[in-house]
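To keep things clear, I will list the structure first and then write my remarks on it.
First the proteins, then the strands, lettered A, B, ... as listed; each starts at 1.
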Protein chains: 2
Amino acid sequence: MGSSERKERQKAKLQQQILDAAREITIRDGFAALTMRKIADAIEYAPGTIYLYFENRDEIAIQLCRQGYQELLDCLQPTATIPDPYDRLRAIASAYMDFGLANTATYRLIFMEDPKFTNAVLSEVPIDSSDGAGMKSFQLLVTIFDDMKAKGRLSIDADSARLAEIFWTSLHGILSLKLTFPGFLTTPSEELLTTMTDTFLAGLSQA
Amino acid sequence: MGSSERKERQKAKLQQQILDAAREITIRDGFAALTMRKIADAIEYAPGTIYLYFENRDEIAIQLCRQGYQELLDCLQPTATIPDPYDRLRAIASAYMDFGLANTATYRLIFMEDPKFTNAVLSEVPIDSSDGAGMKSFQLLVTIFDDMKAKGRLSIDADSARLAEIFWTSLHGILSLKLTFPGFLTTPSEELLTTMTDTFLAGLSQA
DNA sequence: GTCTATAGGCTGATAGAC
DNA sequence: GTCTATCAGCCTATAGAC
């Protein structure tokens, strides 16, 4: 028994090493440049060895995505304790932008890459605690609009999920254009964000 | 002279044929699947022949982008005649969304693909009439906010280019998430668009 | 468990015959 | 101008030796 447990630990260890290497390559060269050979080089094993720990490249990509959504959630989660939903919206928006700008490769991977990986992982319903981080992040946003409604200061009758979708798409629009066309948008990101958030909130209370 | 002109026409003809085939493959299989061999198969020439008409794959990609921006401009241009800037904004937004949803492969190519191609072409300043279509499209948006200001009904003091950038990023956000995560956003595109536009305009006149 | 070696595929691009 | 043939490289994944 003790021996098989040691083997399990050994296996998990190399698995994590593979993922770490894959993550680093993705960050450095982009997801398209992530190949089994490069991973093998990085961990100093033969390419074939990787297949003892992961079925194929896709499985690695999916794990990488899952990890990416978790990182995002870790960045957004702390804002959940802010009591006022308006303050909280600004805080989460700011955290989201910071995450995207600071982790461009990860952001691209989890939101701008092949739907084959992203779509499946994002839509995962949380089962155990390390699952469904994408959904949980989205829920943080929905809750904010629920709380705004509870405060009774929203003159718009759209439901919270809808408002969350609008706000999220706007955030993603800023980020993805900044990442795809560095230099085209002349307005700095923070300014785009504040103007967007201001007009959005003003619109909510007036529309 | 007459003979060399005929040769020129001949050359232009095959060049266009190559681009048409490339376009079709991109639409059908996606840009990543666009290869010289597939183009050659489609036009029924040997792969090497293409290199007599284009220097390499990148040059074809860039032409494809240029063509894509032109198609987009053709869709947006007709809205320019609408006198009221508020009506015009709704019309251009709607046309933009329709274009993206109806031409997903082209939209991906010109706004969501490799910056290597997109960035260069989008940032082109119009020189002759078939150039800089990306910039011209963006200018259509800027003009709308100029006109709104002239009407004096904007209580926000951001400049027109900035407002155009915000609005464009929001449009792009909706579209790109719809394309990357089909099925995740539960709200239909038109509803996201109207709610976004409504809150945005309400915000502009109130903020 | 890990290696070497390789199958079997794809790619962009080029050389040289016709 | 177009072809055939090919180079040189990349890729994923697997088989079989150790």
Side-chain angles (χ1 to χ4, degrees), chain A residues 1-26 28-65 109 113-114 116-117 120, chain B residues 1-26 28-65 109 113-114 116-117 120:
Chain A
M1 284 297 180
S3 144
S4 81
E5 275 169 21
R6 197 197 60 232
K7 280 187 181 176
E8 277 304 307
R9 277 201 308 276
Q10 187 58 31
K11 180 160 183 170
K13 193 179 155 193
L14 196 42
Q15 246 168 359
Q16 192 52 53
Q17 230 178 308
I18 290 168
L19 284 180
D20 289 348
R23 186 172 180 275
E24 207 164 302
I25 293 163
T26 304
R28 202 187 50 227
D29 306 334
F31 177 65
L34 177 69
T35 68
M36 301 303 255
R37 278 169 156 74
K38 279 193 195 168
I39 298 174
D41 278 357
I43 60 170
E44 298 184 293
Y45 277 82
T49 305
I50 298 175
Y51 290 90
L52 298 173
Y53 296 88
F54 292 93
E55 206 184 325
N56 51 33
R57 184 179 179 270
D58 286 9
E59 207 192 311
I60 296 177
I62 285 173
Q63 288 302 333
L64 234 44
C65 273
L109 176 67
E113 219 65 63
D114 196 335
K116 185 170 150 195
F117 310 119
Chain B
M1 284 297 179
S3 144
S4 80
E5 276 170 21
R6 196 197 63 230
K7 280 187 179 177
E8 278 304 307
R9 278 201 307 276
Q10 187 58 32
K11 180 159 183 167
K13 193 180 155 193
L14 196 43
Q15 248 170 357
Q16 192 52 51
Q17 232 178 306
I18 291 168
L19 285 180
D20 288 348
R23 185 172 180 276
E24 208 164 301
I25 293 163
T26 304
R28 202 186 52 226
D29 305 334
F31 177 64
L34 176 68
T35 68
M36 301 304 255
R37 278 170 158 78
K38 278 193 196 167
I39 298 174
D41 278 356
I43 59 170
E44 298 184 294
Y45 276 82
T49 305
I50 298 175
Y51 291 90
L52 298 173
Y53 296 88
F54 291 93
E55 206 185 323
N56 52 32
R57 183 180 179 269
D58 287 9
E59 206 191 311
I60 296 177
I62 285 174
Q63 288 301 333
L64 234 44
C65 273
L109 176 67
E113 219 65 63
D114 197 336
K116 186 171 152 194
F117 311 118

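Residues forming a side-chain hydrogen bond (donor to acceptor under 3.5 Å, both in side chains) with A/R57 (at least two apart in sequence, or on another chain): none. For B/L52, the side chain to side chain contact (heavy atoms under 4.5 Å, CB included) test picks out B/T49, with sequence neighbours left out. Scored by the side chain to side chain contact (heavy atoms under 4.5 Å, CB included) test, A/E59 finds A/F54, A/E55, A/N56 as partners (sequence neighbours excluded). Every residue was checked against the salt bridge (charged side-chain N to carboxylate O under 4.0 Å, His left out) condition with A/D20, not counting sequence neighbours, and none meets it. The side chain to side chain contact (heavy atoms under 4.5 Å, CB included) test applied to B/R37 returns B/T35, B/P47, not counting sequence neighbours. In this structure A/K116 satisfies the salt bridge (charged side-chain N to carboxylate O under 4.0 Å, His left out) test together with A/D58, sequence neighbours excluded. Take A/Y45 and apply the ring-ring contact (aromatic ring centres under 6.0 Å, His included) test, not counting sequence neighbours, and it matches no residue. Applying the salt bridge (charged side-chain N to carboxylate O under 4.0 Å, His left out) rule to B/D29 yields the partners B/K38; only residues at least two apart in sequence or on another chain are considered. Among residues two or more places apart in sequence or in another chain, the ring-ring contact (aromatic ring centres under 6.0 Å, His included) test is passed with B/Y53 by none.
Across residues 32-40 of chain B, B/R37 each have a non-hydrogen atom less than 4.0 Å from an atom of DNA chain D (numbered order). DNA chain D is contacted by B/L14 of residues 11-25 of chain B, taking any non-hydrogen atom closer than 4.0 Å. Within residues 49-57 of chain B, the residues approached by DNA chain D to less than 4.0 Å at the level of any non-hydrogen atom are B/T49, B/L52, B/Y53, in residue-number order.
Position along DNA chain D of the nearest nucleotide to B/G48 versus A/P47 favours B/G48 as the more 5'-ward residue.
Distance, A/E44 CD to C/dG1 C1': 17 Å, rounded to whole Å.
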Could you walk me through whether B/L14 and B/Q17 pass side-chain contact (heavy atoms from CB on, under 4.5 Å), step by step?
CA-CA 5 Å; B/L14 196 43; B/Q17 232 178 306; 3.4 Å; yes
